Trainee: 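If you scroll down you'll find the structure; I have some questions about it.
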Amino acid sequence: MLRRSSEHQPSSGPTLSQRRCWIVLTHANPPQPPRISFPLYPCFILMGMSGTADKTFYLETFGCQMNVHDSEKVIGTLLQQGYRQVPTVEEAGLILYNTCSIRDKAEQKVFHRLADYKKLQAQGKKFGVLGCVAQQEGEKIFERAPHVSMVCGSASYRNLPEMLVQIEAGKRSTGLDDRATDHCFETEYTARTNPHRGYITIIEGCDKFCAYCVVPFTRGKERSRTSSSVLAEARQLADLGYTEIQLLGQNVNSYRDPNGKKTFAELLAAMGEVAGIRRVRFTTSHPRDFGRDIVHVIDSVPTLCDHVHLPVQSGSTRVLDAMQRLYTRYEYLERIAWIHAAQRDLSITTDLIVGFPGETERDFEQTLSLLDEVGYDSAFTFKYSPRPNTPALRLDDAIPDSEKARRLAVLNEKQKQISTRRNKRHLGQTITVMVEGKNAARGQWIGRTSQIKVLNFAVPEGMELKTGSYVDVRVTASFPNSLAGEMV
Ligand code: 5AD
Ligand code: SF4
């Protein structure tokens with residue numbers, strides 16, 4: 001089950017696991033057997049599934065959609081190595097945390113988890129820390145949590161099979177050296193947890209070095225996969241019955257096909273034309289690299305979703321400059337004008353940070369006025385959190401936490417009003433949704449619109465729907481974070 005981390009405070013809009021929101025992957029219920037796709041080498045299917053059943057692992061994922069998808073690949077790798085996934089720490093021989101260090105709270109959560117389960121070491125259980133905290137803290141993790149035996153950053157996942165052999169032999173193992181790698185983690189073993197929506201990483205790492213952000217230090221430099229490999233994976237997913245594809249990257253707009261065949265917009269168009277695929281999403285975009293060709297391609301390829309997530313971070317050019325975001329408020333609004341000029345009604349969502357060092361009341365007011373000017377459908381809002389290694393650490397004029405909290409509350413309230421207004425425009429419309437599940441308590445089905453909004457709906461008495469199917473729903477009510485309606 002995908003659950004949002006408590007730290008993340010979307011002010012409105014999609015309560016989604018599919019978007020680039022910060023979430024925790026937990027198994028509140030025993031997990032469904034993961035659906036294994038072997039995109040390129042089907043001959044490994046039998047080998048992968050025939051492993052011994054006595055090696056067990058539990059994996060919990062923190063953080064963004066990239067981490068969730070990395071975990072799908074890590075799980076696939078472990079299954080291929082003969083491990084079996086179990087739903088609880090108690091049942092597992094190997095306990096893994098795929099970690100996030102984007103904000104301090106996310107990082108602390110991992111150390112709390114490690115402390116909570118330390119006593120299980122006496123039963124011979126082994127612990128591994130993967131992902132961004134692993135890369136950031138490195139071998140210091142062994143000092144802070146001596147019961148950990150494996151530390152592996154995301155750029156070293158290719159080495160996992162050898163690392164597993166080492167820890168099985170009772171040794172410690174680290175994979176931290178590959179931040180300068182040119183390779184992506186392409187694996188033929190991906191344990192996909194959603195049978196309808198498939199995630200495909202097209203670019204890893206980030207070269208932008210925004211002043212507040214730890215990602216370039218934890219995920220390494222930008223490297224893109226070839227468009228032919230990405231398209232081959234999409235076709236494999238379509239053959240397996242997937243109808244929605246989400247392209248992932250820290251900055252998908254700076255995608256550069258190593259074979260020089262396709263721009264990002266051309267890749268989007270080609271994705272949208274893969275037979276069997278009904279919806280294509282992409283996240284995350286960087287305004288500096290967001291070209292008008294992306295809006296044109298959305299307009300011309302019907303399977304590309306009616307949604308753009310374009311993080312702005314601040315409405316003040318002065319703060320954007322201090323954040324090293326490489327665009328001004330004016331330039332950002334230029335991109336928004338392109339999106340508003342699209343022939344399709346596109347929803348626009350964003351990320352915002354309040355309380356960046358030196359942010360004045362006037363700067364903050366500019367962020368508030370930007371919300372009005374853009375009219376976001378929803379926004380993910382955060383208090384600035386100082387991160388190791390980042391340039392912003394050297395800036396003076398830290399904003400007190402109480403003031404950050406006040407600004408966050410004001411921002412969220414404003415966005416709530418805007419989202420409420422934006423959602424009202426759907427009243428009376430008939431919208432196609434992908435069925436995501438049922439809320440038995442409410443007797444409602446849960447659907448997702450192309451604009452990435454949640455649309456809860458009623459069906460005729462006794463009717464059952466299949467998750468992953470598409471149905472038309474007439475919108476009869478709207479709220480700040482969702483819509484409601486009746487199946488047509
Ligand atoms: N403090 C607060 N928010 C941050 N983000 C990234 N780094 C920080 C930080 N140090 C937010 C940005 C980004 C989103 C994924 O997380 O808004 O777009
Ligand atoms: Fe971080 Fe900026 Fe890169 Fe996004 S673009 S991952 S905020 S450095």
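Heavy atoms only: backbone and side chains are in, while hydrogens, waters and symmetry mates are out. In listed order, ligands and their atoms are each counted from 1. Predicted model, so just to flag it, every value in this text is computed and none were measured.
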Trainee: Heavy atoms only, cut-off 4.0 Å: how does F209 contact ligand 2, side chain, backbone, both, or neither?
Mentor: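 Backbone only.
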Trainee: Name all residues meeting the side chain to side chain contact (heavy atoms under 4.5 Å, CB included) criterion together with T303; count only those two or more places apart in sequence or in a different chain, and write none if there are none.
Mentor: V301
Trainee: Could you pull out all residues at least two apart from F127 that satisfy ring pair (Phe, Tyr, Trp, His ring centres under 6.0 Å)?
Mentor: H147
Trainee: Taking 2.8 Å as the cut-off, does C213 contribute an N, O or S atom near atom 2 (Fe) of ligand 2, distance below it?
Mentor: no
Trainee: Does R325 come within less than 4.0 angstrom of ligand 2, counting non-hydrogen atoms of the residue?
Mentor: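 R325 counts as a contact of ligand 2 under the 4.0 Å cut-off.
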Trainee: Just which atoms of ligand 1 are under 4.0 Å from any heavy atom in Q313?
Mentor: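 Listed by number with element, the hits are 12 (C), 13 (C), 17 (O), 18 (O).
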Trainee: Of the listed options (H309, K383, R103), which comes nearest to atom 11 (C) of ligand 1 when hydrogens are ignored and any heavy atom counts?
Mentor: R103
Trainee: Hey, could you give me the CD1/OG1 distance between I203 and T284, rounded to the nearest 0.5 Å?
Mentor: 12.0 Å
Trainee: Backbone, side chain, both or neither: what part of I102 comes under 4.0 angstrom of ligand 1, heavy atoms only?
Mentor: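 Looking at I102 and ligand 1, atoms from backbone and side chain both fall under 4.0 Å.
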Trainee: Go through ligand 1 atom by atom and flag the ones less than 4.0 Å from a non-hydrogen atom of D351.
Mentor: 13 (C), 14 (C), 15 (C), 17 (O), 18 (O)
Trainee: Against heavy atoms of I353, which atoms of ligand 1 measure under 4.0 Å?
Mentor: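 Contacts of ligand 1 toward I353, numbered from 1: 3 (N), 4 (C), 5 (N), 12 (C), 17 (O).
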Trainee: How far apart are the closest heavy atoms of S229 and R225, and which atoms are they?
Mentor: OG-NH2, 2.8 Å
Trainee: For atom 1 (Fe) of ligand 2, does an N/O/S atom of C206 lie at less than 2.8 Å?
Mentor: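 Not a single backbone or side-chain N, O or S atom of C206 is under 2.8 Å from atom 1 (Fe) of ligand 2.
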Trainee: So, the side chain of S227 versus the backbone of K261: is there a donor-acceptor pair under 3.5 Å, distance only?
Mentor: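 Here the side-chain-to-backbone pair does not exist.
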Trainee: Taking all atoms of both residues into account, what is the closest heavy-atom pair of R318 and G358, and its distance?
Mentor: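 Closest approach of R318 to G358: NH2-O, 2.7 Å.
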Trainee: Below 4.0 angstrom, N of the basic side chain to O of the carboxylate: do E331 and R325 qualify?
Mentor: no
Trainee: Among M66, H286, R387, which residue places a heavy atom closest to atom 5 (S) of ligand 2?
Mentor: H286
Trainee: Please give me the minimum heavy-atom distance between Y255 and K262, naming the atom from each residue.
Mentor: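 Looking at all heavy atoms of both residues, the shortest contact is CE2-O, 3.9 Å.
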Trainee: Just which atoms of ligand 1 are under 4.0 Å from any heavy atom in R387?
Mentor: 10 (N)
Trainee: Should R197 and E72 count as an ion pair when the cut-off is N to O under 4.0 Å?
Mentor: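 Salt bridge flag = no for E72 with R197.
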Trainee: Does ligand 2 have a heavy atom under 4.0 Å from the side chain of N251, from its backbone, from both, or from neither?
Mentor: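 It is neither; nothing of N251 touches ligand 2.
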Trainee: Would you mind finding which of F382, F356, Y212 brings a heavy atom closest to atom 8 (C) of ligand 1?
Mentor: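 The nearest heavy atom belongs to Y212.
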Trainee: Could you tell me, atom by atom, which parts of ligand 1 come under 4.0 Å of a heavy atom of Y384?
Mentor: 1 (N), 2 (C)
Trainee: Below a 4.0 angstrom heavy-atom separation, can you tell me which part of P216, side chain or backbone, both or neither, approaches ligand 2?
Mentor: side chain
Trainee: Is the closest basic N to carboxylate O distance between R425 and D377 below 4.0 Å?
Mentor: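 Salt bridge present between R425 and D377.
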